[in-house]
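This one's a predicted model, so the numbers in the text were calculated from it and none came from an experiment. Note on naming: letters A, B, ... go to the chains in the order of the sequence lines (proteins, then strands), and numbering restarts at 1 for each one.
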Amino acid sequence: MSMTTILQHCLTGISLGGAYALIAIGYTLVYGILRLINFAHGDIFMMAGYFMIFALTSFPWPIAILITLVVTTLMGIGIERAAYKPLRSAPRMSIMISAIGVSYLLQNLSTYLFTAIPRGYPEIPFLKKIFQMGELSASFVTILTPILTIILVVILMILVNKTKTGMAMRAVSKDFETAKLMGININRVISVTFAIGSFLAGVGSILYFTDRMSVTPFSGTLPGLKCFVAAVFGGIGNIPGAVVGGFFIGIVETLLVALGYSTFSDAFTFFLLIVMLLVRPTGLFGEKTVEKV
Amino acid sequence: MSLLEIQDLKVCYGGIVALNGITFAVDEGKIITLIGANGAGKSTTLRSIMGLVPITSGTITYNGVKLNGMDTRKIVEMGLVLVPEGRRVFPNLTTLENLKIGGYLQDKAHEQQSLERVYELFPRLKERHWQLAGTLSGGEQQMLAVGRALMANPKMIMMDEPSLGLAPLVVKDIFSIIKRINEAGVTVLLIEQNANVALRTAHTGYVMETGNITLTGPGRELLENEEIKFAYLGKSK
């Protein structure tokens, strides 16, 4: 394999990894606050794909993107309100089962509404424009994805570490009751968390599907699981960890395909999950526990 | 009229009665203590005042307003705060961030003012402002918990066992600071198992036993009470 081919695949891998990273952040944020693995997250990502298809049939692309992101964000908040909030004081297993329920609900609802026949993902002309860099060629979306991911992650890190809302998020993630005693509105903080996670899944969805041509009601399942693995790999609850995990899985997966092992590219992700859980269950950058009692 | 009035407060957890209709009052500007053994219902009393535990019956009136069923946030807004049992500082936030989050409902100008006041009371917190709260010593964490509550600029502060797990010298420090806070005009409701130091500090004491208040009186008087000496101060009959 020539150097150019390797670089070409790396570029594709980085791009896929960027989309994975954006989705993985949603898992990690929600886990950080609610200790909940939001199984519906991959399906929110899938629904965002359908929103984009329908929005683009009647609006120009900038407005369609805006509509997709807004509706996806609202859907995330709505799901939390309807399916998780009433279970706030229930055992953690109940809310987890509720998340699985939401996941199946979304899959089956979209099968019912949109049928299981793959729908073509619309082409957004400027995203598909081909760039030539020496020997390498890539569509604009391939280059845009990692750059946009990094920008969004930096903004998110500033939000979490430097703003009052971010401080409240970190406080709520450690101790609900004491956060309440500080006058923090827990439900608002949780809504904000779901809003951010779903928004990023919406962005990830646009970038991911633009390269993939079609959406089915089950398009969210495998990417969702992989991004969950990415979050665990990086240390669930840790934002930079989820980003590193996302890029790592995206790149390795693409390289495996390039080397001719496409049959094993999905298996690799789950093999990684098992190894990680056995060797280092807190993940690469897992939460340090320096608590004194 | 008292600042805080508890009238016939009853709280049940499932079928278990935690508070069996207690009545007491906290006068403005005073230090009041509730003492009692484990399971007497002291913490439940404070938690139900803050709206963390649902009330079965009775009324809680603070500053003339009924608190029953009110949102914790609204109660904090009215200047009533609780330093929870076991300090409960946010270990993943720095000392400064912990203080800032205590003043979550305050505006920027007030925040700076309160911060200076807290640093004056606890110079140690200023030295350690950059340090993660989880890495502070037990005494420092307790100071942080009290400082954090003061950041809300409270009219009344409730403390759940501030002496828990601290060395006697540190306990002495904490209590002298409680006195200073009170002298600055903040009403204090204190819960303690360490009856000795609590009764010495408080103007009025209430003794709780299994969900009931069994004894009331000025702190110094209760210290001399034979029954209390026997039950809480370790004197043999």
message: I'd like to check Leu181(A) versus Leu52(B) (side-chain heavy atoms, cut-off strictly below 4.5 Å). Are they in contact?
response: yes
message: Show the nearest heavy-atom pair for residues Gly183(A) and Val76(B), with the distance to one decimal.
response: N-CG2, 4.2 Å
query: Are the side chains of Lys174(A) and Pro91(B) in touch, meaning some heavy atoms are under 4.5 Å apart?
result: yes
- prompt: Counting heavy atoms not belonging to Tyr13(B), are there more than 12 under 6.0 Å from its OH?
  reply: yes
message: With a 3.5 Å distance limit and no angle check, can you tell me whether Asn92(B) reaches the backbone of Arg170(A) through a side-chain donor-acceptor pair?
response: yes
task: Could you pull out the closest heavy-atom pair between Thr178(A) and Pro84(B), with the gap in Å?
output: CG2-CG, 4.2 Å
- prompt: So does Phe271(A) have more than 12 non-hydrogen atoms from other groups sitting under 6.0 Å from CZ?
  reply: no
message: Other residues, nucleotides and ligands only: do more than 12 of their heavy atoms fall within 6.0 Å of CZ on Arg188(A)?
response: no
- line: Whatever's closer than 4.5 Å to a heavy atom in chain A on Glu85(B) counts as neither
message: Tell me which of these, Lys74(B), Arg47(B), Arg88(B), has more heavy-atom pairs under 4.5 Å with chain A than the rest.
response: Arg88(B)
task: Select, from Met182(A), Lys164(A), Lys180(A), the one with the greatest count of heavy-atom pairs under 4.5 Å involving chain B.
output: Met182(A)
message: With rounding to the nearest 0.5 angstrom, report the CD1 to CZ distance, Ile186(A) to Arg73(B).
response: 10.0 Å
query: For Leu169(B), does the CG atom sit with more than 12 other heavy atoms under 6.0 Å from it, leaving out its own atoms?
result: no
query: Would you say Leu93(B) and Met167(A) make side-chain contact, with heavy atoms under 4.5 Å?
result: yes
- prompt: Crowded around Arg124(B) CZ? As in, over 12 foreign heavy atoms under 6.0 Å?
  reply: no
statement: Cut-off 4.5 Å, heavy atoms of chain A, and the answer for Lys100(B) is both
statement: Residue from Met50(B), Glu77(B), Arg148(B) scoring the most non-hydrogen pairs under 4.5 Å with chain A is Arg148(B)
message: Under 4.5 Å from any heavy atom of chain A, what part of Glu97(B) do you find: side chain, backbone, both or neither?
response: both
